2 protein chains.
Amino acid sequence: MPEPKNVAILGATGAVGAQMLQCLEERDFPVGELRLLASKRSAGTDMCWNGRLLRVTEATPESFEGVDIVLGAATNPVAEALLPHAVAAGAVCVDNSSAFRLDPEVPLVVPEINPEDVAWNHGIVANPNCATIIGLVCVAPLSRVAGARRIVCSTYQAASGAGLPGIEELEAENQAIVEGTPMPEPRAFAYQLAYNLIPQIGGFDGIGYTSEEMKMQNEGCKIMHDPDLRVNCTCVRVPIARSHSESITVEFERPITPDEARDVLRQAPGVRVVDDPAGQLYPMPLATSDQDLVYVGRIREDVSAPEGVNSLTFWCCGDQIRKGAATNAVQIAELLL
Amino acid sequence: MPEPKNVAILGATGAVGAQMLQCLEERDFPVGELRLLASKRSAGTDMCWNGRLLRVTEATPESFEGVDIVLGAATNPVAEALLPHAVAAGAVCVDNSSAFRLDPEVPLVVPEINPEDVAWNHGIVANPNCATIIGLVCVAPLSRVAGARRIVCSTYQAASGAGLPGIEELEAENQAIVEGTPMPEPRAFAYQLAYNLIPQIGGFDGIGYTSEEMKMQNEGCKIMHDPDLRVNCTCVRVPIARSHSESITVEFERPITPDEARDVLRQAPGVRVVDDPAGQLYPMPLATSDQDLVYVGRIREDVSAPEGVNSLTFWCCGDQIRKGAATNAVQIAELLL
């Protein structure tokens with residue numbers, strides 16, 4: 001049994017922070033003291049953990065004295081402002097913001113893919129983007145066998161990517177439609193999400209991609225230790241609650257059949273294959289919500305592949321708040337023990 | 001002014017049939033007599049057209065005497081059973097079912113792409129699949145300039161693809177969620193669609209594709225007169241009402257830049273370019289519903305394209321009931337005048 005660690009959750013009252021709290025309990029993480037930190041506005045709330053009520057306190061540079069591990073679920077500015085103080089106080093931070101992900105001094109880790117990278121941390125380990133984690137947990141084991149060269153991915157991302165306000169906004173919009181009351185003004189999203197799709201997540205770069213779309217490319221290269229991996233992503237917000245889905249086509253260096261891919265994915269950690277077309281069984285976000293595994297199915301040959309190109313297409317779903325964020329962070333913390 | 005034609009709508013009471021009725025009125029189609037045909041169950045209903053109430057009668061083999069043009073919005077078995085009688089009675093049928101689409105004796109027409117094919121009909125002109133029309137209206141003008149070789153497409157298809165029962169089922173599910181009442185049993189779809197995605201439309205073939213997914217390949221080759229075009233489609237039902245959206249990557253024989261593609265699409269019939277990322281302007285299904293144009297945006301270089309591969313990625317939305325079905329059929333009928 002590893003020695004208990006003093007743990008702080010930064011941003012404990014958000015969707016990801018609250019899920020981190022629950023994951024620590026579910027996974028029996030050896031917690032000594034548990035400190036729940038949030039903004040001044042959220043301080044004073046009580047949160048439930050292992051049958052106890054814990055009081056949330058305001059996060060300040062002095063909050064990290066005596067803390068061994070910080071689980072970061074705050075925004076980029078908060079992470080940038082506070083995590084250096086946590087590192088200075090001797091803690092190791094597992095940070096879910098995107099602030100440090102591409103910093104060459106910071107490992108970016110999916111425990112099923114590159115757990116060894118945790119070892120060279122200098123006080124911060126970054127948790128990747130949610131859609132990146134969910135897609136790559138499926139791509140990486142196939143790549144180990146056949147060498148992924150190119151990924152074309154279209155995402156179907158849940159409201160939870162914008163936190164609790166995102167889920168609540170979608171629910172409020174659906175309620176307004178059912179009850180015939182005025183549509184609330186969008187705040188979490190740029191437009192009404194109910195009965196709609198929004199093909200923008202994050203800001204745009206100079207060549208027409210969003211920040212979210214370039215994460216699978218940029219973070220993927222780092223996680224998979226493959227600077228030559230090329231990823232074309234289209235990220236779309238869809239009116240569902242908390243599981244992200246992805247339609248993925250991968251071109252490989254070496255041939256790999258759908259049957260071989262299914263075998264590889266059946267052995268892969270963190271993945272469950274649900275792929276029985278005749279039985280109408282395939283991953284769906286409603287069925288994969290509030291679960292830690294990424295579900296993959298619809299695995300098939302890419303019928304558009306030119307002569308000599310080894311290409312497969314599949315569909316995967318994973319809970320954005322859990323494996324896309326909180327569970328992955330707690331798994332990284334387990335590697336730190 | 002063309003001479004008025006006697007028109008029959010077969011399946012007039014469905015979502016597509018009712019929209020055909022409205023399109024005839026909106027487009028000032030020169031109608032002589034208008035006959036509304038439906039199943040025995042729907043016969044006797046009155047439908048509104050140009051300020052008149054028209055009585056729906058039961059469709060039988062004898063329904064087509066004196067009819068010049070039949071607009072078919074019925075199921076495959078009904079189309080197969082009745083349209084040959086219409087042809088024998090001297091009518092030309094524009095059929096929205098998939099029964100005749102790949103018949104070498106039957107032209108398959110998108111008026112913006114291959115209007116000339118209407119000329120060689122032998123009494124039936126087929127209306128293509130909705131997702132195929134909406135995607136190809138954008139791909140075809142680009143292909144004329146640069147030669148499309150390969151398409152990788154992920155669709156986001158609305159409930160209306162299953163007709164009025166599909167839309168009503170989604171609404172009933174959302175109502176049950178908002179009101180906290182029991183979820184109605186799915187009928188139009190295999191699973192609950194509200195807050196969910198269903199990665200299956202149609203039945204599966206032997207290599208893991210659905211019938212819907214192979215339509216863009218098979219119908220696309222015929223419409224574009226290009227037997228070598230290769231299409232990899234993933235078709236997904238999403239919880240929205242009536243516009244289909246598609247994330248499309250196209251590889252071309254010859255180079256084409258995003259700016260050139262935008263110019264080509266701005267000139268293209270049936271298409272509207274909405275592509276201003278800085279202004280957060282891009283097509284969305286809520287904004288393109290109940291409209292005849294296909295909206296296209298998010299046009300950009302495919303950053304995953306290997307050296308020497310000319311590839312673009314874009315996003316398009318179009319109303320499934322209108323341009324995906326009824327409007328396209330009435331446009332074909334206009335070519336027949």
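Everything numeric here is computed off the predicted structure, so don't read it as measured data. Convention: sequence-line order gives letters A, B, ...; per-chain numbering from 1.
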field: Closest contact, heavy atoms only, B:Y195 versus A:L170
entry: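 So the minimum-distance heavy-atom pair works out to CE2-CD2, 3.6 Å.
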Which heavy-atom pair separates A:P283 from B:P199 by the least distance, and what is that distance?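 Shortest heavy-atom contact: O-CG, 3.5 Å.
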Heavy-atom distances under 4.5 Å only: say whether [X] touches chain B with side chain, backbone, both or neither.
| X | result |
| --- | --- |
| A:T288 | neither |
| A:V152 | side chain |
| A:C153 | neither |

What I want to check is whether the side chains of B:T210 and A:R298 have a donor and an acceptor closer together than 3.5 Å.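 Judged by distance alone, the side chains do not pair up.
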### Message
Looking at chain A, which one of B:P277, B:G208, B:G297 has the largest number of heavy-atom pairs inside 4.5 Å, strictly under?
### Response
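Most heavy-atom pairs under 4.5 Å with chain A: B:P277.
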Heavy-atom pair count under 4.5 Å with chain B, highest-scoring of [options]:
| options | value |
| --- | --- |
| A:P306, A:S245, A:P258 | A:P306 |
| A:I207, A:I299, A:V236 | A:V236 |
| A:N232, A:D302, A:T249 | A:N232 |
| A:E213, A:E171, A:R300 | A:R300 |
| A:C317, A:P285, A:A287 | A:P285 |

Kindly indicate whether the side chain of A:V231, heavy atoms from C-beta on, has any atom under 4.5 Å from the side chain of B:V303.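 They are not in side-chain contact.
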*Please examine the side chains of B:M284 and A:Q200, heavy atoms only from C-beta on, and report whether any two atoms are closer than 4.5 Å.*
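Of all side-chain heavy-atom pairs linking B:M284 with A:Q200, none is under 4.5 Å.
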With rounding to the nearest 0.5 Å, note down the distance linking [atom1] in [X] to [atom2] in [Y].
| X | Y | atom1 | atom2 | answer |
| --- | --- | --- | --- | --- |
| A:L286 | B:Y191 | CG | OH | 11.5 Å |
| A:L197 | B:S243 | CG | OG | 9.0 Å |
| B:I177 | A:N174 | CD1 | CG | 7.0 Å |

Measuring heavy-atom distances to chain A, does [X] have an atom under 4.5 Å in its side chain, in its backbone, in both, or in neither?
| X | value |
| --- | --- |
| B:T234 | both |
| B:A305 | both |
| B:I151 | backbone |

Hey, does the side chain of A:Y156 reach the backbone of B:Y156 with a donor-acceptor pair shorter than 3.5 angstrom?
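It does not hold such a pair.
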Show your reasoning for whether salt bridge (Lys or Arg N to Asp or Glu O under 4.0 Å) applies to A:R150 and B:E251. CA-CA 14 Å; A:R150 178 191 190 189; B:E251 294 181 9; 2.7 Å; yes
Can you say whether the rings of A:Y282 and B:F204 are parallel (under 30°), tilted (30 to 60°) or perpendicular (over 60°)?
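The arrangement is tilted - the two ring planes meet at 30° to 60°.
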